[in-house]
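Any value given below was found using the heavy atoms of this structure, including those in side chains, with hydrogens, waters and symmetry copies removed.
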Amino acid sequence: EQVVFPAFMQHQLTKLSASGQEVGGDSLFDKRIGFSGTPSDLLPAALGRCGYEQGSDGKMLAVLTDPAVVSTSVLPPGWTVETLLAAVASAR
């Protein structure tokens, strides 16, 4: 077993955390005007149902599959996390 980012995975004595339900629900705030994140029906119940914009999923997929926007690379045999990160950092 190999830990990729050991410096970031150290145990902390104190941890502050909250779920989307807690942050977006009415237990912390009386009023909310929005909720950041991927639209889904997993919104906090206090915000009601998600209002989907027609065609937005198709637009996102079109951008993410457009060769003018994104490209792919085949990793060489024997790649490592370090070589992958170096390739990403030096990409143009």
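Note on V88: it clusters hydrophobically with W79, by side-chain heavy-atom contacts below 4.5 Å among ILVMFWY residues. Cluster membership check: L75 does not share its hydrophobic cluster with L85, using side-chain heavy-atom separations under 4.5 Å among Ile, Leu, Val, Met, Phe, Trp and Tyr.
V63 and V70 make their closest contact through O-CG1, 4.5 Å (heavy atoms, listed as atom of the first residue, atom of the second, distance).
Evaluation of the side-chain hydrogen bond (donor to acceptor under 3.5 Å, both in side chains) test over residues 58-75, restricted to residues two or more places apart or in two chains, returns none.
With sequence neighbours left out, the side-chain contact (heavy atoms from CB on, under 4.5 Å) criterion links L61 to no other residue. By the side chain to side chain donor-acceptor pair (under 3.5 Å) test, T80 pairs with E82, T83, sequence neighbours left out.
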